[in-house]
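Before any comments, here is the structure.
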Amino acid sequence: MKAPVRVAVTGAAGQISYSLLFRIASGEMLGKDQPVILQLLEITPALEALNGVAMELEDCAFPLLAGIVQSDDPNVAFKDAEYALLVGARPRGPGMERKDLLEANAAIFSAQGKALNDVAARSVKVLVVGNPANTNALIAQRNAPDLDPRNFTAMTRLDHNRALSQLAGKTESTVNDITHMTIWGNHSSTQYPDLHKTQVKGADAMGLIEQDWFENDFIPTVQQRGAAIIKARGASSAASAANAAIDHMRDWALGTAEGDWTSMAVYSDGSYGIQEGLIYSFPCTCKDGDWQIVQGVELNEFSRAKMAATEQELAEERDAVAHLLP
Ligand code: NAX
């Protein structure tokens, strides 16, 4: 059996974590041969609820669960962490403007970025789930000058999986038949789910669907899916978000399928003309614990305009918190 690795999860008493933690502890994220120590962070008022979650984790008697740490101090929760899933965030309260939301989260993710910088493993793989996820990841990254910016990612895998499922339904295929799906940009309603390179059973997806469905059904359905879940369920996506977080981390740690790619919001190196330093979702492959942006995807005018719109939104979010960045 391998030595245990430390996996930090924030917002650990929240609804996403209630699905996520049990799957990490059962080996679905890092493999059935990888023991884990869960290091759980919550705000002080939620520590009692967190203790209840920890008791349930114990009661599962997971063979791979080598320990549980509970804390309201990021310097404890991130100590020597090799994986950090930043799920906890400040939700939008009544009367709160977008700017207030960005600022409230900037405070949280600045502090967590600093703590990661100070105490986490130097190779820590960080996934930000808490919204606004891309900009929260940017803030954490900018507050961690001693860590490689490539260690910081944000989650667009839920959007990617939603897109797979919508296309499978439309083309009467299964998600297993589909490869080369791409989500570009921000995890928000400006994201661009792109089918121009996507294949269904080896055939070009765009040849199997009408342009009208792509533009006026598929794209808005994927963009608005989070809101549709809230309307139907009365609560935001939780199990599907946890599932996407598992997929994101598993692929990053263990690799993407040969001949395919996934979508991850990562530190832009200027690929496809996207401003350097934004945390932007690109098609990515992963191997040996590292990710690469897929190069050479041809883009038509339609795609370029959609990619620029979501880039613009991310630049605006960055600029709104610029005064808080080091
Ligand atoms: P919950 O409100 O159920 O749980 C959040 C938990 O975070 C709470 O227990 C809260 O006490 C804790 N928390 C707040 N501030 C904290 C801090 N500074 N340190 C540690 N813990 C803190 O929300 P949940 O449904 O679990 O969603 C969590 C986040 O995921 C939200 O920001 C949500 O918007 C975001 N989502 C992101 C998605 C994505 O695809 N990137 C999809 C799902 C989800 O909407």
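Positions are given from 1 along the sequence.
Put simply, L40 and I37 are part of two different groups of oily side chains (I, L, V, M, F, W, Y) that touch within less than 4.5 Å, one to the next. Under a hydrophobic clustering in which Ile, Leu, Val, Met, Phe, Trp and Tyr are joined whenever their side-chain heavy atoms come within less than 4.5 Å, directly or via other members, I43 and V9 fall into different clusters. Under the 4.5 Å side-chain contact rule for hydrophobic residues, V294 and L299 share a cluster. Placement of V266 and V297 within a single hydrophobic cluster is found when ILVMFWY residues are connected by side-chain heavy-atom separations under 4.5 Å, directly or transitively. Cluster membership for V76 and L21, using ILVMFWY side-chain heavy atoms within less than 4.5 angstrom, is not shared.
Between L85 and M29 there is a side-chain heavy-atom pair separated by less than 4.5 Å. When side chains are defined from C-beta on, L325 counts as touching I139, because their heavy atoms get closer than 4.5 Å. Proximity of S19 to N243: side-chain heavy atoms (C-beta onward) are nowhere separated by under 4.5 Å. The shortest distance between side-chain heavy atoms of D204 and Q199 falls below 4.5 Å. For the pair V7 and M249, the minimum side-chain heavy-atom distance is 4.5 Å or more. Annotation: side chain of I246 is in contact with side chain of I24 (closest heavy-atom distance under 4.5 Å). Counting heavy atoms from C-beta on, the side chains of T256 and C284 never come closer than 4.5 Å. No side-chain heavy atom of D100 sits under 4.5 Å from any side-chain heavy atom of E103.
For the pair K32 (side chain) and S26 (backbone), a donor-acceptor distance under 3.5 Å is present. Put simply, the side chain of D177 never gets that close to the backbone of V200: no donor and acceptor are under 3.5 Å apart. Within the 3.5 Å criterion, the main-chain N or O of G11 finds a donor-acceptor partner in the side chain of S17. Looking only at distances, a side-chain donor or acceptor of K125 sits under 3.5 Å from a matching main-chain atom of G289. The backbone N or O of S263 sits nowhere less than 3.5 Å from a side-chain atom of S281 that would complete a donor-acceptor pair. With hydrogens and angles disregarded, a donor-acceptor distance shorter than 3.5 Å links the side chain of Q191 to the backbone of S188. Between the Q15 side chain and the A238 main chain, no donor and acceptor come within less than 3.5 Å of each other. The backbone N or O of L41 lies less than 3.5 Å from no partner atom in the side chain of T10, so there is not a single donor-acceptor pair. Judged by distance alone, the side chain of T153 and the main-chain N or O of V126 form a donor-acceptor pair under 3.5 Å. Looking only at distances, a side-chain donor or acceptor of S268 sits under 3.5 Å from a matching main-chain atom of Q275.
For the atom pair CD1 of I279 and CE of M155, the computed distance is 15.0 Å after rounding to the nearest 0.5 Å. Taking CD of E311 as the reference point, atom CG of L278 lies at 6.0 Å (rounded to 0.5 Å). Note that CG of L158 and CD1 of I229 are 8.0 Å apart. Values are rounded to the nearest 0.5 Å. For the atom pair NZ of K306 and OG1 of T310, the computed distance is 10.5 Å after rounding to the nearest 0.5 Å. A distance of 7.0 Å separates OH of Y83 from CD of Q34, quoted to the nearest 0.5 Å. T198 contributes atom OG1, which lies 9.5 Å from atom CG of D260 (distance to the nearest 0.5 angstrom).
Counting heavy atoms of neighbouring residues, nucleotides and ligands inside a 6.0 Å radius, atom CZ of R318 exceeds 12 of them. Annotation for Q295: atom CD counts as buried by contact number, over 12 foreign heavy atoms lying within 6.0 Å. E298 CD: 12 or fewer foreign heavy atoms inside a 6.0 Å radius.
Closest approach of A154 and A137 over heavy atoms only: CB-CB, 4.1 Å. Annotation for W291 and C286: closest pair CB-SG, 4.0 Å, computed over non-hydrogen atoms.
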Practice task
Test R225 against S240 for side chain to side chain contact (heavy atoms under 4.5 Å, CB included), laying out the working first.
Solution key: CA-CA 11 Å; R225 186 71 163 180; S240 56; over 6 Å; no

Problem - CA sep, side-chain torsions, deciding dist, call: L30, L254, side chain to side chain contact (heavy atoms under 4.5 Å, CB included) - result: CA-CA 7 Å; L30 297 174; L254 305 178; 5.7 Å; no

Exercise for the section: Could you walk me through whether R150 and D269 pass the salt bridge (Lys or Arg N to Asp or Glu O under 4.0 Å) test, one step at a time? Expected result: CA-CA 10 Å; R150 294 174 52 85; D269 60 356; over 6 Å; no

Practice task
Let me see the working for V129 and H248 under side chain to side chain contact (heavy atoms under 4.5 Å, CB included), right down to the final yes or no.
Solution key: CA-CA 11 Å; V129 175; H248 177 115; over 6 Å; no

I'd like a table of donor-acceptor pairs (distance under 3.5 Å, sequence neighbours excluded) in which one partner is a side-chain atom from residues 107-120, with atom names and distances.
{"residue": "S110", "atom": "OG", "partner": "A106", "partner atom": "O", "Å": "2.5"}
{"residue": "K114", "atom": "NZ", "partner": "N143", "partner atom": "OD1", "Å": "3.3"}
{"residue": "N117", "atom": "OD1", "partner": "D146", "partner atom": "N", "Å": "2.8"}
{"residue": "N117", "atom": "ND2", "partner": "D146", "partner atom": "OD2", "Å": "3.2"}

Between side-chain atoms of residues 46-63 and protein atoms elsewhere (two or more places apart, or another chain), which donor-acceptor pairs fall under 3.5 Å?
{"residue": "N51", "atom": "OD1", "partner": "Q70", "partner atom": "NE2", "Å": "3.4"}
{"residue": "E56", "atom": "OE1", "partner": "Y18", "partner atom": "OH", "Å": "3.3"}
{"residue": "E56", "atom": "OE2", "partner": "Y18", "partner atom": "OH", "Å": "2.6"}

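Other residues sharing the hydrophobic cluster of L64, ordered by chain and number and joined by side-chain separations under 4.5 Å: M1. Grouping Ile, Leu, Val, Met, Phe, Trp and Tyr residues whose side-chain heavy atoms lie under 4.5 Å apart, directly or via other members, places L101 in a hydrophobic cluster with M96.
Side-chain polar atoms of E313 and T190 form a donor-acceptor pair below 3.5 angstrom.
Counting only residues at least two apart or on different chains, the ring-ring contact (aromatic ring centres under 6.0 Å, His included) pairs with a member in residues 260-287 are H180-W261, W184-Y272, Y280-F282. Every pair passing ring-ring contact (aromatic ring centres under 6.0 Å, His included) that includes a residue from residues 210-236 is listed here, sequence neighbours excluded: H196-F214, W213-F218, F214-F302.
We find that K170 and D217 are not joined by a salt bridge, their nearest charged nitrogen and carboxylate oxygen being 4.0 Å or further apart.
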